[in-house]
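Step one of this worksheet: look at the structure below.
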Protein chains: 2
Amino acid sequence: MTVRIEEVASACQVSTATVSRALRGLPGVGEKTRQHVLKTAQDLGYTPSPTAASLASGHTHSIGLVQPDMSRWFFGKILESAERTFRKAGYDALVYSLPDYLGPVRERFNPDVIKGKVDAVVVLSLFFDPEEEAQLRALGIPVVFVSVQQPGFAYVGIDDEEAAARACRHLITLGHKRIGHLSGQTNDKCPVAPTQRRREGWCKTMERFHLESSEDLDEAVTIMTASNGYLATNRLLDRRPDITAILASSDEMAMGAIHAIRSRGLQPGRDISVMGIDGHDLGAAFDLSTMAQPVHQEGTAAARLALDAIAGRGSESETVVFPTTLVERSSAKSAHK
Amino acid sequence: MTVRIEEVASACQVSTATVSRALRGLPGVGEKTRQHVLKTAQDLGYTPSPTAASLASGHTHSIGLVQPDMSRWFFGKILESAERTFRKAGYDALVYSLPDYLGPVRERFNPDVIKGKVDAVVVLSLFFDPEEEAQLRALGIPVVFVSVQQPGFAYVGIDDEEAAARACRHLITLGHKRIGHLSGQTNDKCPVAPTQRRREGWCKTMERFHLESSEDLDEAVTIMTASNGYLATNRLLDRRPDITAILASSDEMAMGAIHAIRSRGLQPGRDISVMGIDGHDLGAAFDLSTMAQPVHQEGTAAARLALDAIAGRGSESETVVFPTTLVERSSAKSAHK
DNA sequence: CTGAAAGCGCTTACAG
DNA sequence: CTGAAAGCGCTTACAG
């Protein structure tokens, strides 16, 4: 704020150009000069004005992170991992919350708010309509989508259908035949939303094993929270008392399912099995079996993709799909009938 | 990126100064001129360069949010509420993660990384040493601390000691006499860390009722996670099988306690009562009784305090303390002996 | 109510 | 290897 490059320059008897080059480690500066500049800058407590540097260079050294709600586990996890990766590389993380569940249709994203503020954008769990997509493209900066794939853009995620299919197969292997499903709804037209693909995984797997996969066995909620999972499970069990297992589209919903089962005086795993998907940190405390996704790696990968794109490396629409892992705990056990 | 203020000005036959004033709603612009400028800017798709505006005005319209780990529930919650408040006011949120549990002493905060990038800073759950504090002050911008009070700075939080005391009294009222405590450790010397004050609340209350509050009844962990709460509870119960209730310094630890109790074949509430502090979203799924803090209000209040300080309103070291609420669920019930 | 012009503090061709 | 100078795109006194 107070000491500027000019002062460092005059103190060193060099031009501001040389100070600028020396400080940023650019070539074309004599070793002695560089050392002198570095020391002087240090002594004077000089910090370059990021705002002036941005204006002059055209680079902001900031990344925009657009997501629905950072207080939710998955988003917080991805954001944290991405932020650390960005910070190590010298980038700041600008977070934008764009709630997608406050109405039937979420608020549109206006890329103007980040125009000129970031060098790249990472979008979590949001699907953009053609207009938003066009505006985003018009920004002329790299964009990476996480969790929900946007055609033509870089993407990081898991194979949601396969994850659900494996969870479902696990329950079938344990001897379950009537397996209910807890799914989420998307307020926007988004066929690639994870919850839709997970539902597909359940549905197709059930069919493949000639088991029922009717709508009657599927209960959808608006937001996939534990409390909605609780309510949905009660509705499901009231309607279909013959169910012996439940596959939830997310661990948080699965936790709600476990809560509901317990509050009915039943025991998860023994009376009704439950499987989730995600690998939530609190899953262990619920003894929840799940298909875990490598959240930390996903966040880091998304950040790296953005960083690579800024550096001109990698393709514009690179896709990284991580494998999921079966985590067996006591919420899913053999069916005994 | 492409259309600049100059173009809008010449299209309107006015100076850039007038365009600037008109667009920002400043006084001193004729109504007709303003409308014309607004429309032209709109038609041309003009968006002011934030970076140029910052350099010229000295304001960044960004707020720095410094915290240990946004993937943890409490931080994510506060961040989300603060971000929305900032965004409504036209401010961007720059998030900085400064892990405080990766070693015996956390990494020092270097305010240089945010120098010139933000108009104010909100610090969550971090206590700064004299050097960090001095550097922070040197930034010359408003700073608001949340959760951990830093003398001389604005603060938003709850009365942690009182919250723990009330939780403890609740258990005593239910007839419990041997109440164990799960606490956290602070790696830095910080007597005002919430977990320390909560421990005080338990300790003093037990003493007041002439009940045991020895170290033997207190089990401390490094990070207050559910898994550490699980381990700590097992250690505590192995050592003191006479305990009938546990007060945890955080809901996440309480969840671990409930997990431990269940895995011992016991039933929370019936065999051993558990109380937490925080009001975690997943508390209901655990049937966890707790002293809830108004997290959303705290995040909003912290943001408002920062905004007010930027606007020159409010005192430099304003303090906002929110009340906590007893939430009774089935994890804490009457002792039957 | 409006404009000309300096200034914010850097970076970057362009010369040498 | 180093410097002079233009330029990044706004905002803000200062005049009128």
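Residue numbering restarts at 1 for every chain, and letters A, B, ... go by the order of the sequence lines.
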With a 4.0 Å cut-off on heavy atoms, is A:Gly30 in touch with a base, just the backbone sugar-phosphate, or nothing at all?
sugar-phosphate
Any pair counted as ring pair (Phe, Tyr, Trp, His ring centres under 6.0 Å), so long as it reaches residues 78-99 of chain B, sequence neighbours left out:
B:His61-B:Tyr91
Would you please classify the geometry between the B:Phe128 ring and the B:Phe109 ring as parallel, tilted or perpendicular, with 30° and 60° separating the classes?
parallel
Under 6.0 Å from the CZ atom of B:Arg72, do we count more than 12 heavy atoms belonging to anything else shown?
yes
Treating primed atoms plus P, OP1 and OP2 as sugar-phosphate and everything else as base, which nucleotides of nucleotides 10-16 of chain D get B, S or - for protein heavy atoms under 4.0 Å?
BBBB---
What are the two closest heavy atoms between A:Val37 and A:Leu23, and how far apart are they?
CG1-CD1, 3.7 Å
Dot-bracket encoding of pairs in DNA chain C, which uses [ ] for pseudoknotted crossings and | for another strand, Watson-Crick or G-U under 3.5 angstrom
|||.||||||||.|||
Can you pull out every side chain to side chain donor-acceptor pair (under 3.5 Å) where at least one residue sits in residues 10-24 of chain A? Sequence neighbours excluded, please.
A:Ser15-A:Thr18, A:Ser20-A:Arg24
Sorted by chain and residue number, the side-chain hydrogen bond (donor to acceptor under 3.5 Å, both in side chains) partners of B:Glu298 (sequence neighbours excluded) come out as none
Categorize A:Glu31 for me: base, sugar-phosphate, or nothing, with a 4.0 angstrom heavy-atom threshold over every strand shown.
nothing
side-chain hydrogen bond (donor to acceptor under 3.5 Å, both in side chains) with A:Ser54: which residues, sequence neighbours excluded?
none
Looking across every strand, which nucleic acid part, if any, lies under 4.0 Å from B:Glu7 by heavy atom: base, sugar-phosphate, or nothing?
nothing
Using only heavy-atom distances, determine whether the side chains of A:Glu80 and B:Ser97 contain a donor-acceptor pair under 3.5 Å.
yes
Between A:Thr51 and C:dG9, does any side-chain N or O lie under 4.0 Å from OP1 or OP2?
no
